[in-house]
Amino acid sequence: MKIAVVGATGMVGETLLRVLGERDLPAHDLGAFASRDRSEGARYRGAPLEVRATSDEALVPYDAIFFASSEESSGRYAPPQLERGAIVIDNSSTFRLTPGVPLIVPEVNPGAIGASDRLFPVGNCTAIILCVALAPIRDLAGLARVRVATYQAVSGAGRATLEEFDAGRGPIVGNVIPQIGTLDDRGTSGEEAKVREETRKVLELPALPISVTAVRVPVRTAHSEAVSFETERPTSVDELAAAFERAPGIVYHRDAIVTPREVEGTDLVHVARLRAEDADAPAGRGRHFAMWVVGDQLRKGAATNGVQIFELLLARGLVRR
């Protein structure tokens, strides 16, 4: 199996190489690519990798290609590789909302993968973490409405911003910034629109009312989300807790809180502070609840989700070698 990572020197690319090295994948040839040749700059299982300049010809030998670079790079290099039959797993936003292209979070909608699908965008990091937490609720009692305020890590703004933050500099130090991305004419930021539309697509609920306020906070790599939700059918905290406890990819904290510092560098989504918001719900049952959700932006929100998609394809025999 020949696997390539485009954008191998970026933060998501580095994390992809780390996750690929941690998991038992049949890769006998791993290629690292970036915008130019470099004698080193990437590592796989502790060993340095030569980094080559990305080109159509250089990618031809690879069975599966992970893109962890820009939208421009994905738009330029992915289509020719798809035409020759390669699997493309793309961490940019280029193809996420393209009709007919599945947007997969393996714990949520693995059945959306078709036998002929070759292109697999990796969703927005905040939306991935949110969807993992919402899926058990959808399956148990349906979802009528979701409201979420996000507390997003500095890593989501890129390596330069994270390095600046680590050095104690920049506007995010000791601060929160309630805008991620440009605002449209209704005052919705680009990040808020991505979370809303991608969550609807992953959950297969295209008309689900979702309100999002996206905020950057002085935290390194784990995103947090304060989620209020309304179910379609009455349920209880105990029933929801049981659903979280049996759901894949979730750690449920019944009696404790969880913070982003504890979750950094891990692959699971954590749910805590589940509570009912119906003050007079009969017999403890109602339709309005709130919870706290935390997940690592670089891992489950990006690299790990992409690798999990690849593992699904391998398990189903959908990767040509």
Side-chain angles (χ1 to χ4, degrees), residues 11-12 14-15 18-19 22 105 107-108 123-137 146-159 161-180 191-192 195 199 211-229 237-238 240-277 289-305 308:
M11 284 199 301
V12 173
E14 288 178 352
T15 309
R18 188 177 306 120
V19 174
E22 292 169 356
V105 177
E107 298 91 340
V108 179
N124 171 277
C125 49
T126 311
I128 289 172
I129 293 164
L130 179 62
C131 287
V132 173
L134 290 177
I137 305 165
V146 174
R147 297 180 179 87
V148 56
T150 72
Y151 304 83
Q152 297 185 214
V154 178
S155 57
R159 185 192 297 280
T161 304
L162 182 59
E163 290 177 347
E164 185 179 54
F165 170 69
D166 285 340
R169 302 192 306 270
I172 193 62
V173 175
N175 200 10
V176 298
I177 301 174
Q179 180 183 339
I180 302 176
E191 180 75 0
E192 290 159 354
V195 174
T199 298
S211 174
V212 185
T213 300
V215 182
R216 186 78 68 200
V217 298
V219 168
R220 292 196 80 256
T221 69
H223 287 353
S224 303
E225 303 172 3
V227 186
S228 295
F229 58 93
V237 168
D238 285 343
L240 288 166
F244 287 133
E245 288 173 338
R246 62 178 177 262
I250 289 178
V251 177
Y252 177 63
H253 301 259
R254 187 177 285 266
D255 300 311
I257 64 169
V258 62
T259 67
R261 185 182 299 173
E262 299 166 76
V263 173
E264 285 184 3
T266 68
D267 291 326
L268 299 173
V269 172
H270 293 249
V271 175
R273 295 211 60 211
L274 176 66
R275 58 206 185 273
E277 293 191 322
F289 300 86
M291 62 182 175
W292 176 250
V293 180
V294 187
D296 188 288
Q297 177 263 331
L298 288 173
R299 292 188 64 103
K300 182 52 191 170
T304 300
N305 197 83
Q308 288 174 316

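Computed over heavy atoms, backbone and side chain alike; hydrogens, waters and symmetry mates excluded.
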N/O donor to acceptor pairs below 3.5 angstrom from side-chain atoms of residues 240-247, sequence neighbours left out:
{"residue": "E245", "atom": "OE1", "partner": "R254", "partner atom": "NH2", "Å": "3.1"}
{"residue": "E245", "atom": "OE2", "partner": "R254", "partner atom": "NE", "Å": "3.3"}
{"residue": "E245", "atom": "OE2", "partner": "R254", "partner atom": "NH2", "Å": "3.1"}
{"residue": "R246", "atom": "NH1", "partner": "A242", "partner atom": "O", "Å": "3.4"}

A127 and T199 have their tightest heavy-atom pair at CB-OG1, 3.7 Å
Step-by-step side-chain contact (heavy atoms from CB on, under 4.5 Å) determination, L130 to V293
CA-CA 7 Å; L130 179 62; V293 180; 5.8 Å; no
Nearest 0.5 Å, what's the CD-CZ distance between Q297 and R220?
11.0 Å
Distance (rounded to the nearest 0.5 Å) between H223 NE2 and Q152 CD
4.5 Å
Sole candidate of T213, N124, T150 that passes side chain to side chain donor-acceptor pair (under 3.5 Å) when paired with E191:
N124
Heavy-atom closest pair, residues G301 and I128
O-CD1, 3.5 Å
Nearest heavy-atom approach of C131 to V108 is O-CG2, 3.6 Å
Enclosure of R159 CZ (heavy-atom neighbours >12, cutoff 6.0 Å)
yes
Walk me through whether F289 and I137 qualify under side-chain contact (heavy atoms from CB on, under 4.5 Å).
CA-CA 10 Å; F289 300 86; I137 305 165; over 6 Å; no
Applying side-chain contact (heavy atoms from CB on, under 4.5 Å), run through E192 and V148 and close with a yes or a no.
CA-CA 10 Å; E192 290 159 354; V148 56; over 6 Å; no
How many angstroms lie between atom CG of N175 and atom CZ of F165, to the nearest 0.5 angstrom?
11.0 Å
Write down the atom of V146, the atom of L134, and the distance for their closest heavy-atom approach.
CG2-CD1, 4.0 Å
Which pair of heavy atoms, one from V219 and one from P260, lies closest together, and at what distance?
CG1-CB, 3.7 Å
Identify whether the distance between the nearest side-chain nitrogen and carboxylate oxygen of E107 and K300 falls below 4.0 Å.
yes
Separation between CD1 (I172) and CG (L162), nearest 0.5 Å, reads 11.5 Å
N/O donor to acceptor pairs below 3.5 angstrom from side-chain atoms of residues 265-272, sequence neighbours left out:
{"residue": "T266", "atom": "OG1", "partner": "V263", "partner atom": "O", "Å": "2.6"}
{"residue": "D267", "atom": "OD1", "partner": "R299", "partner atom": "NE", "Å": "2.7"}
{"residue": "D267", "atom": "OD1", "partner": "R299", "partner atom": "NH2", "Å": "3.3"}
{"residue": "D267", "atom": "OD1", "partner": "T304", "partner atom": "OG1", "Å": "2.6"}
{"residue": "D267", "atom": "OD2", "partner": "R299", "partner atom": "NH2", "Å": "3.0"}
{"residue": "H270", "atom": "ND1", "partner": "H253", "partner atom": "NE2", "Å": "2.8"}

List the atom of V132, the atom of I250, and the distance in Å for their closest heavy-atom pair.
O-CD1, 3.3 Å
Aromatic ring pairing Y151/W292, orientation class (parallel under 30°, perpendicular over 60°, tilted between):
tilted
Backbone of A153 reached by a side-chain donor or acceptor of R216 within 3.5 Å:
yes
Counting heavy atoms not belonging to R275, are there more than 12 under 6.0 Å from its CZ?
yes
